Amino acid sequence: MTFFHGSPSLFGNFELNNAGDGTGIKFGYGVYLTESETSAIHYSQPRKCALTPEHYLYTVEIPDLTEGNHLVSALPVPASIICAVEQKLGQPVPAKYLQQGKEFRKWLGCTLTGAKKAAFAEEKAAAEFLDAIGVIANVWPQAQTKPDGLRNCAIFNPANVRIVKRERIEIEDVKGKYVLIPGTRQEV
């Protein structure tokens, strides 16, 4: 599957050393990708910073998303994932955490760390646990008003993201949205 990533940094492989630095981890710990090239271009500019001089657009491939290998933030957790988590944890998942992937992910992270509230460490623990049982991503719609439209995802393990193209791009601020300046794409 083809997705995109925007960054002010040029690199050869994704790593999670700086996870959360650009847009936070609101949707989980992982490599943040989008099916929308326009969104990736916008996110090549870090939030709340002066316009940076460098911007890169990454075209990437990820494994196909199947019912049993990803969570959807606002949808119920697939039965196969529940079964695998309960088997590995050795305890049942409370029913109230099964209706939304995001609540399930937060519960899992807190259960693994003993915390009362999910924060960075809990999201990381949940991502690593889920990756270990074959769950590769958390997915959410690009626009909440279009749940069947383009998607965003957080891939838990950067080994599941393969860069197929890197382009240096130039962007400009158009009414608070960072957009590509036509003719500035240069493959690197």
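These numbers come from the heavy atoms of this one structure, side chains and all, not from hydrogens, waters or symmetry mates. Note that the coordinates shown come from a computational prediction; the quantities given were computed from them, not determined experimentally.
Linking Ile, Leu, Val, Met, Phe, Trp and Tyr whenever their side-chain heavy atoms come within less than 4.5 Å leaves V174 and L180 in two separate clusters. When the side chains of ILVMFWY residues are joined at heavy-atom separations under 4.5 Å, either directly or via intervening members, F11 and I155 end up in a single hydrophobic cluster. Neither L10 nor I41 shares a network with the other; the hydrophobic side chains, linked directly or stepwise wherever heavy atoms of I, L, V, M, F, W or Y lie under 4.5 Å apart, form separate groups for each. Side-chain heavy atoms closer than 4.5 Å link hydrophobic residues (I, L, V, M, F, W, Y) into clusters, and following such links, even through other members, never connects I82 to V72. When the side chains of ILVMFWY residues are joined at heavy-atom separations under 4.5 Å, either directly or via intervening members, I181 and Y178 end up in two distinct hydrophobic clusters.
Just one residue in the list T111, V135, L89 forms a side-chain contact (heavy atoms from CB on, under 4.5 Å) with F129, and that residue is L89. Results of the ring pair (Phe, Tyr, Trp, His ring centres under 6.0 Å) test with Y32 over Y58, W140, F14 single out W140 as the only residue that passes. None of K102, R105, K106 except one satisfies the salt bridge (Lys or Arg N to Asp or Glu O under 4.0 Å) rule with E123; the exception is R105.
Residues R168 and E54 are paired through a salt bridge, judged by an N-O separation under 4.0 Å between the basic side chain and the carboxylate. Here E167 pairs with R185 in a salt bridge; the nearest charged N to carboxylate O distance falls below 4.0 Å. For the pair E187 and K165, the salt-bridge criterion is not met [side-chain N within less than 4.0 Å of a carboxylate O].
Residues I133 and V85 form a side-chain contact, since some pair of their non-hydrogen atoms from C-beta on lies under 4.5 Å apart. In this structure, T38 and V179 have side chains that are not in contact, with every pair of non-hydrogen atoms separated by 4.5 Å or more. With a 4.5 Å cut-off on side-chain heavy atoms, I81 and L71 count as touching. Considering only heavy atoms from C-beta on, P76 comes within 4.5 Å of Q99 through its side chain. When side chains are defined from C-beta on, N152 does not count as touching V139, because their heavy atoms never get closer than 4.5 Å. Looking only at side-chain heavy atoms (C-beta outward), L51 and I171 come within less than 4.5 Å of each other. R151 places a side-chain heavy atom less than 4.5 Å from the side chain of L65. Side chains of C49 and Q45 form a contact here, defined as non-hydrogen atoms less than 4.5 Å apart.
Atom CD of Q142 and atom SG of C153 lie 12.0 Å apart (nearest 0.5 Å). Taken from CG in N138 to NE2 in H70, the straight-line distance is 9.0 Å, to the nearest 0.5 Å. In this structure, the separation between CD on E35 and CZ on F3 is 4.0 Å, given to the nearest 0.5 Å. Taking CD1 of I169 as the reference point, atom OH of Y56 lies at 10.0 Å (rounded to 0.5 Å). If you take CD on E61 and OG1 on T59, they are separated by 9.0 Å, rounding to the nearest 0.5 Å. How far OG of S44 is from CG of L57: 8.0 Å, rounded to the nearest 0.5 Å.
Residues C110 and A118 come closest through the heavy atom pair SG-N, 3.4 Å. Among all heavy-atom pairs drawn from N160 and P63, the shortest one is O-CD, 3.2 Å. Residues G28 and A154 approach most closely at O-CB, 4.2 Å, considering heavy atoms. Heavy atoms only, all atoms of each residue included: A121 and T113 are closest at O-CG2, 4.1 Å.
Side chains of Q100 and S73: no donor on one and acceptor on the other come within 3.5 Å.
Put simply, the side chain of N69 gets close to the backbone of D64: a donor and an acceptor are under 3.5 Å apart. Checking side-chain atoms of E128 against main-chain N and O of A125 turns up no donor-acceptor pair under 3.5 Å. Put simply, the side chain of E86 gets close to the backbone of V93: a donor and an acceptor are under 3.5 Å apart.
Note: Y97 and W107 have parallel aromatic rings, judged against thresholds of 30 and 60 degrees for the angle between ring planes.
Annotation for Q91: atom CD counts as buried by contact number, over 12 foreign heavy atoms lying within 6.0 Å.
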Candidate pair T34 and L150, rule side chain to side chain contact (heavy atoms under 4.5 Å, CB included), full reasoning: CA-CA 8 Å; T34 180; L150 296 175; 5.7 Å; no
In sequence, state the C-alpha distance, the side-chain angles, and the governing distance for R162 and V164, and then conclude on side chain to side chain contact (heavy atoms under 4.5 Å, CB included). CA-CA 6 Å; R162 184 176 66 86; V164 294; 3.3 Å; yes
For a ring pair (Phe, Tyr, Trp, His ring centres under 6.0 Å) check, start with the C-alpha distance between Y29 and F120, then their side-chain angles and the critical distance, and finish with the verdict. CA-CA 8 Å; Y29 178 84; F120 186 87; 5.5 Å; yes
For F104 and L98: C-alpha separation, side-chain torsions, deciding distance, then whether side chain to side chain contact (heavy atoms under 4.5 Å, CB included) applies. CA-CA 6 Å; F104 172 77; L98 299 177; 4.1 Å; yes
